[in-house]
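Below you'll find the structure, written out as structure tokens, and then a few comments.
Lettering of chains follows the sequences in order, A, B, ..., and the numbering in each one begins at 1.
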Amino acid sequence: MPPILEVAGLRAGYGPIDALHDVSLTVDEGEIVTMIGANGAGKTTTLMSVSGVVRPRAGRVTFGGNDLRTFPAHEIVKLGLAQSPEGRKIFPRLTVLENLQMGAFTRKDPPGIAADIEKMFGMFPILNERKGQAGGLLSGGQQQMLAIARALMARPKLLLLDEPSLGLAPQIVTQIFGVIRDLNQNQGMSVLLVEQNARMALKVAHRGYVLETGRVTFSDKADVVLNDPRIRAAYLGE
Amino acid sequence: MSPPVKKPFAIGWEGAIFLALLLYPLFPIFESLFFRATQRSLGEQLPLVFIFALLAYGLNVVVGYTGLLHLGIAAFFAVGAYVAGIFTTAAYSFGWPFWVVLPLGVLAATVLGLLLGAPTLRLRGDYLALVTLGFGEVTKFTLRNMEKITAGTRGLSPIPPPSLPLVPPSAWADDYRPFYYLTLGVLILVALLLHNLERSRLGRAWIALREDELAANCMGLNPNKLKLAAFALGAGLAGLAGVLYATRLTSTADPNAYDFNRSIFMVCCLILGGLGSRLGALVGVIMLVGFDNILTPIIDSKIQEWFPNSGGRICLSFTGWRLAIFGLALILMMRFRPEGIVPSSRMKHELHPDEAVSNGIDPITMGRNTGEVETLGRKGGQS
Ligand SMILES: Nc1ncnc2c1ncn2[C@@H]1O[C@H](COP(=O)(O)OP(=O)(O)O)[C@@H](O)[C@H]1O
Ligand SMILES: [Mg+2]
């Protein structure tokens, strides 16, 4: 089976500067792939180039057989690719419920949307308790759950997660990663997970990529990456 | 379980204001009390308030809901007024009735809004403000200079009153009530429409876009299309207000009625009342139009009484200080109550999170120390 996502020779950036020089990666159907790297390596830019918010300058991005470079960002969601952006970009003035509804913006099946909202409440009960509150009033961990739930509301085949553990207490990180693994195992959802918390990410992922200043410098099965002495020294603090 | 954020309180006030306005003409005692105090008919003034409230509603869709700074709303107001002027007055041979011209004015303004918006809405923040400002000024000068079409500074007149069953044509001039109820009726209808729109998919999308365009884009929202929709609706409502305005004055008036001052005045009404809030727009308009059309002339005539020999020196007339007071009020507002007098509940949350704390809600900054972990452990044991 061809990979669900294939990025080849991607170059992208902002203004005169290229943030990505040459990024290639694949995500297979039903796979969790993580991309680790230092701050500023280009992880966010990679995800943004896939979701179409940043336009690639060279290279190929193929998702489910579609050349994503020919789609505007708002069309890409409809193809089954959802993103939970870095920094929990929930809508602070919309309620928790409205945030979830925004996640399903491209869908036209109200009963399905309502059922999925219930599903999210089952997965994150705290969101149910707070559903009438403005998103901005949630705590950091709750906002991250909302951001993930909101992305899931699009019923994506591939979920892009940008640093879901950023700034969260360890217990919450564990819970969130548990949900990610669960979605992958029980629903076969593919995940591209960007993390600075490399250890956590490599434990949940099948394969890992290491990104350094806009280039992929290393990639292998997650446990191989996790046990590589250089990676351990550079990213796992050993 | 927290209830969903309906705003019974704010809706209640808006409803109460509309109800009071609907009842006002039924109790002439108020009209005569007001007249004794101010030498003015409140019933004559209020239709103007209703018309500007419509204009403020339109601007609020663009500036309040969607967060685009629009400084040229008066141009679309003018389109409505001139459609009324051209299609009803004897200067042209159309002579169409009000009820045809009203939707036509809305349509014309909407189309113009689309034409201006389509190429410019990609611009960000300040640039959009400049383009709309420039467009407003160009429109004013065009109206003034294309005398053959617009009658220049003389204006197109007389615009005939609407025809309504049971209301004889002469009543529109002799009695304030027909126009009062016409404009109030339109205002209430538009308020109901906006009430539903705010809760619709489109209304939420506008707010999401204002909050975070990037995240909204990631959700599959098309920012350009949404902005264009807001811009067109804002323009259409301004056109509606324009038709009513010219019909009320029976003339398109001087093109200066549609200049930058008008646009900025409307922005001030929104800021004063509370951006994004319908009730705020209404209250802002009542306060500023009241200040301009009622309070200022009263104070001026008092000054005339006290200083009979002021001889028109501007520093001794309140009108001369009007804009300074305006500016000061806005600065104070921005400093002490940036969400406006009657804020939309959404804005209040953001600008005063500490009030939320006292209501027992933990804001973002405190979430991590308020037992979140335990809460999750108890309620969210899914992993
Ligand atoms: N909006 C932006 N404008 C200009 N430069 C940016 C922008 N976003 C990121 N960059 C630059 O691009 C590079 C990659 O950033 P990013 O993709 O955010 O890295 P990461 O997510 O790995 O921390 C950095 O050098 C960063 O400074
Ligand atoms: Mg990043």
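Put simply, the side chain of A:M102 reaches to within 4.5 Å of the side chain of B:L221, judged on heavy atoms. Side-chain atoms of A:P72 and B:N222, non-hydrogen and from C-beta on, never get closer than 4.5 Å to each other. Taking 4.5 Å as the limit, some side-chain heavy atom of B:D212 sits within range of a side-chain heavy atom of A:K89. Annotation: side chain of B:M219 is not in contact with side chain of A:V77 (no heavy-atom distance under 4.5 Å).
Distance check: B:R204 CZ to A:L97 CG gives 8.0 Å after rounding to the nearest 0.5 Å.
Comment: A:R93 engages B:E211 in a salt bridge, judged by a side-chain N to carboxylate O separation of less than 4.0 angstrom.
Contact annotation for A:M153: neither backbone nor side-chain heavy atoms come within less than 4.5 Å of a heavy atom of chain B. Contact of A:A73 with chain B is made through backbone and side chain together, with heavy-atom distances under 4.5 Å.
Other residues, nucleotides and ligands place no more than 12 heavy atoms under 6.0 Å from the CZ atom of B:R122. Summarising the local packing, CG of B:D126 is surrounded by 12 or fewer heavy atoms from other residues, nucleotides or ligands at distances under 6.0 Å. Within a 6.0 Å sphere centred on CE of B:M333, heavy atoms belonging to other residues, nucleotides or ligands number more than 12.
Listed here is the closest heavy atom pair of B:A208 and A:L94: CB-CD1, 4.0 Å. Pairing each heavy atom of B:A205 with each of A:F105, the nearest pair is CB-CE1, 3.6 Å.
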